[in-house]
Amino acid sequence: MKIKDKKLNLFQVFIRFLPFNLIVGQFKHNLFSIIFWAFLFAIVADSLGYAFGIPFLFYSPEYMGTISPWSFYLVGFALGGFIMGFNTYSYIKLGPYYPFLVSLNRPFLKFCINNSLIPIFFIVYYIIRIVKFQNSEEITDVVSILLYVTALLLGLGSFLTLSAVYFFRMRFQFISQDSNLESEKPIKSVVIREKKWYDSHQFNRKKSYIYLGLKLNFQVSRDIGHLDEHTVQQVYAKNRTNSSFYEILTIGIFFVLGLLSQFKVLEVPAAASIILLITVFLMIISALQSWFGKWFYFILLGALIGMNYMSLNSKLFQYKNYAYGLDYENNLTDYSINSISNYHSNDSLINASYENYISILEKWRDATGEEKPRLVIVNSSGGGSRSALWTFSVLQQADFLTKGKLTRNLHMITGASGGMIGAAYFRQLMIEKKEGKIPHLYNPNYKDNIGKDLLNRLSFMASTNDIFIRYQKFYYKNHSYTKDRGFAFEDQLMQNTQNILEHNLGYYKDYEDSGNIPLIILSPTVVNDGRRLLISPQSLLFITQNNSQEDIYENLDFQSMFKNPNNMRFASALRASSTFPLVMPMVTMPTIPEIQLMDAGIRDNYGTKTTLAILRKVKNWIAANTSGVVLIKIRDTKSILDDESYNKVGLLDKITLPFNNVYKNFPRVQDFNQDELMENFLSKSYFPIDIVEFNLRERKDDRISLSWHLTRQEKNKIEKAIISRNNLEELKRLRTLLK
């Protein structure tokens with residue numbers, strides 16, 4: 001190739017090739033855009049959000065409750081919006097470094113073509129990941145996969161075509177041979193300052209570039225030595241001002257989606273809303289950097305500090321999630337050391353709590369029809385949808401094999417997170433059966449219901465509503481609450497389970513009092529001080545005492561501390577026990593000062609602490625009235641995996657291991673501590689205790705994501721896990737124990 005009659009070798013052609021120069025320029029001058037692309041690449045590569053199932057939202061997007069070509073089309077359309085946002089931002093940031101662009105017809109469109117290497121690479125990689133995932137995890141046929149990919153590309157092409165044909169073709173200016181921009185007055189507005197946003201040293205008029213034209217043919221840049229800096233400034237200033245229309249339009253669409261999210265048809269796939277969210281962030285950063293230049297970072301830091309100050313000293317930016325049904329306006333609970341002691345040290349209330357529990361035990365014994373029945377307790381671990389479906393599947397199969405003996409002898413269920421959601425659904429079906437609304441508990445549709453997606457709507461609400469302004473309200477039991485992703489989670493759970501869980505906490509009290517259904521005890525963690533809040537329709541004051549130091553009160557009784565506690569929506573109690581950090585909002589309780597609740601798994605992922613607290617207090621009654629206890633542990637992961645191994649520690653590992661230890665070994669540390677507690681209790685020999693343990697994951701390659709979304713392959717793994725050799729042996733033991 002020749003430039004000005006000078007032959008260029010391959011290397012010289014490469015370094016003058018505009019697409020290559022633009023990639024280098026992105027890393028050098030436009031790092032924010034690269035960060036956003038890295039974010040998307042990390043998601044589709046399973047490197048970011050895998051534990052929470054975020055990549056699945058991109059591999060299998062859902063729209064109107066189904067995975068379809070239309071859902072992929074919407075994701076593609078949103079991706080097209082991000083690509084055009086990326087090009088808009090890049091053009092404003094990098095355009096002045098390549099001033100020859102202003103001499104081209106339709107400069108922005110040609111810039112987009114030459115700036116497309118990163119988007120093209122992402123699209124190809126994304127499609128490969130979709131095909132692989134749909135084939136291996138969703139077990140989708142080839143024709144459907146081709147339809148999904150085609151729909152994705154059509155959505156992408158639709159947005160790019162609209163942009164090229166209408167918006168950018170009409171608005172972005174260039175300098176033609178007869179342009180007379182030099183005679184025009186400079187544009188003056190808030191975005192144009194006396195000191196320009198680029199310096200004269202950025203102009204290299206003599207360097208020629210090889211770029212791709214509209215027909216993807218190679219072209220050589222024209223000589224622009226005759227243009228002065230002021231003329232080029234005017235063109236870029238006008239184009240930058242015109243680009244603000246796109247930014248405003250994108251942000252407007254984002255807020256409209258959030259405002260109208262109650263309309264199912266506008267509830268776009270979560271992947272599309274995530275892409276739209278990062279597009280909005282990109283547009284906001286672009287606008288702020290254009291307006292404030294080098295002051296951008298200082299202003300951003302100041303804004304964050306100011307928002308934090310206002311959140312502490314005013315009602316602004318106080319984003320809090322509510323336990324629906326509780327009153328946050330009147331009779332707020334005082335939360336202090338003295339008040340906690342007062343709530344939990346009333347001897348008459350403690351005795352009444354104990355007597356009430358003994359009465360429930362006696363009703364339970366009578367309901368079994370046996371003189372000395374086996375008392376069954378279920379401990380279910382957390383783990384998102386995998387634990388919800390696994391817990392339900394184990395209870396359903398165990399009850400079927402024991403011919404209903406499990407549900408007759410089941411007295412209490414406790415644990416954490418998703419496992420408790422699956423157990424709560426099973427218990428509600430027990431009520432439905434007792435009332436004659438369903439014939440039995442073994443319909444496979446029930447497993448389908450508890451395994452349905454909960455992540456898509458949660459993510460959509462998080463990205464379109466929670467990040468900025470929470471402007472939607474809803475009413476529950478005569479109280480007004482703000483809609484957020486916590487509301488979306490509960491609402492979707494109700495839809496998935498045909499609303500049979502739509503009750504307040506008090507609804508279950510009479511059923512529990514009669515001994516006809518097991519007690520469910522939830523134990524979310526109080527983030528402020530690490531205590532556990534024991535949530536139940538029953539008073540649990542009698543197990544909140546600490547024998548060695550009674551003023552500590554590790555366990556708090558929900559019934560004693562709050563006004564009208566049984567008005568609390570049961571789904572809110574389940575969610576408080578399942579609030580994994582960041583995925584769902586911490587639940588704010590009506591206290592002064594406010595306390596926040598998080599996942600029960602932070603303190604007791606397996607329910608052991610609550611179980612032992614109960615057994616210790618009522619040991620005499622159990623010894624006298626039962627033939628022992630059967631403790632069923634339903635775990636999402638085996639304590640020690642069958643193929644577990646350890647790797648050699650390298651230099652970087654020595655730096656990161658202290659931090660990784662806190663996160664990766666957290667469940668195992670709980671295992672060690674709780675095994676020790678159980679061993680100490682068993683050594684007292686108060687009564688026989690048989691432990692039956694069901695494990696979902698037994699090997700490393702059995703891993704299922706900790707998410708509120710399950711793929712078809714993951715559901716198949718859970719279905720097959722119940723018939724693993726170890727689990728079948730435990731089922732046989734359970735059937736023998738309950739004969």
Side-chain angles (χ1 to χ4, degrees), residues 15-34 36-37 79-123 156-157 159-176 179 181 197-198 202-205 207-224 227 231-247 250 279 282-283 285-287 289-290:
I15 63 174
R16 290 175 183 255
F17 191 45
L18 183 59
F20 169 74
N21 279 269
L22 288 176
I23 290 179
V24 174
Q26 298 286 359
F27 283 92
K28 188 176 180 181
H29 306 292
N30 195 21
L31 195 57
F32 266 115
S33 290
I34 296 300
F36 285 117
W37 277 116
L79 183 58
F82 174 70
I83 291 173
M84 294 313 300
F86 164 69
N87 283 327
T88 304
Y89 185 36
S90 299
Y91 184 66
I92 299 306
K93 293 286 289 184
L94 302 182
Y97 293 92
Y98 308 96
F100 78 89
L101 290 170
V102 299
S103 66
L104 303 179
N105 183 19
R106 286 183 280 185
F108 180 76
L109 188 54
K110 291 177 180 176
F111 176 86
C112 291
I113 292 172
N114 287 271
N115 195 44
S116 60
L117 288 185
I118 294 177
I120 288 174
F121 182 71
F122 175 80
I123 293 165
L156 177 68
F159 194 97
L160 298 182
T161 301
L162 287 173
S163 301
V165 171
Y166 173 70
F167 187 75
F168 296 109
R169 183 177 180 181
M170 296 294 292
R171 295 189 178 277
F172 281 88
Q173 299 188 3
F174 68 100
I175 300 176
S176 62
S179 294
L181 287 172
W197 49 288
Y198 50 86
Q202 294 174 351
F203 290 86
N204 188 348
R205 297 181 177 84
K207 185 175 181 179
S208 297
Y209 292 91
I210 301 167
Y211 65 93
L212 296 173
L214 296 180
K215 297 181 180 180
L216 301 183
N217 55 328
F218 292 98
Q219 297 186 13
V220 179
S221 62
R222 288 167 24 189
D223 183 1
I224 59 167
L227 297 178
T231 302
V232 177
Q233 281 181 351
Q234 285 185 282
V235 174
Y236 276 115
K238 283 190 175 182
N239 289 343
R240 183 179 56 173
T241 302
N242 289 331
S243 70
S244 64
F245 288 105
Y246 174 78
E247 297 170 352
T250 302
T279 304
L282 185 63
M283 295 294 93
I285 290 172
S286 173
Q289 283 191 329
S290 295

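Just the heavy atoms: all of them, side chains too, but no hydrogens, waters or symmetry mates, feed the values below.
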Any heavy-atom pair between the side chains of [Y] and [X] that's under 4.5 Å?
{"X": "F86", "Y": "T279", "result": "no"}
{"X": "L79", "Y": "F122", "result": "yes"}
{"X": "W37", "Y": "F82", "result": "yes"}

Rounded to the nearest 0.5 Å, what separation is found between the [atom1] atom of [X] and the [atom2] atom of [Y]?
{"X": "I23", "Y": "F17", "atom1": "CD1", "atom2": "CZ", "result": "9.5 Å"}
{"X": "S33", "Y": "N87", "atom1": "OG", "atom2": "CG", "result": "9.0 Å"}
{"X": "I34", "Y": "H29", "atom1": "CD1", "atom2": "NE2", "result": "12.0 Å"}
{"X": "Y89", "Y": "Q26", "atom1": "OH", "atom2": "CD", "result": "9.5 Å"}

Sole residue of T88, L156, I118, I120 in side-chain contact (heavy atoms from CB on, under 4.5 Å) with I83: L156
Which atom of G80 lies closest to which atom of L160, heavy atoms considered: O-CD2, 4.0 Å
Side chain to side chain contact (heavy atoms under 4.5 Å, CB included) partners of L22, counting only residues at least two apart: L18, L94, Y98, F111, N114, N115
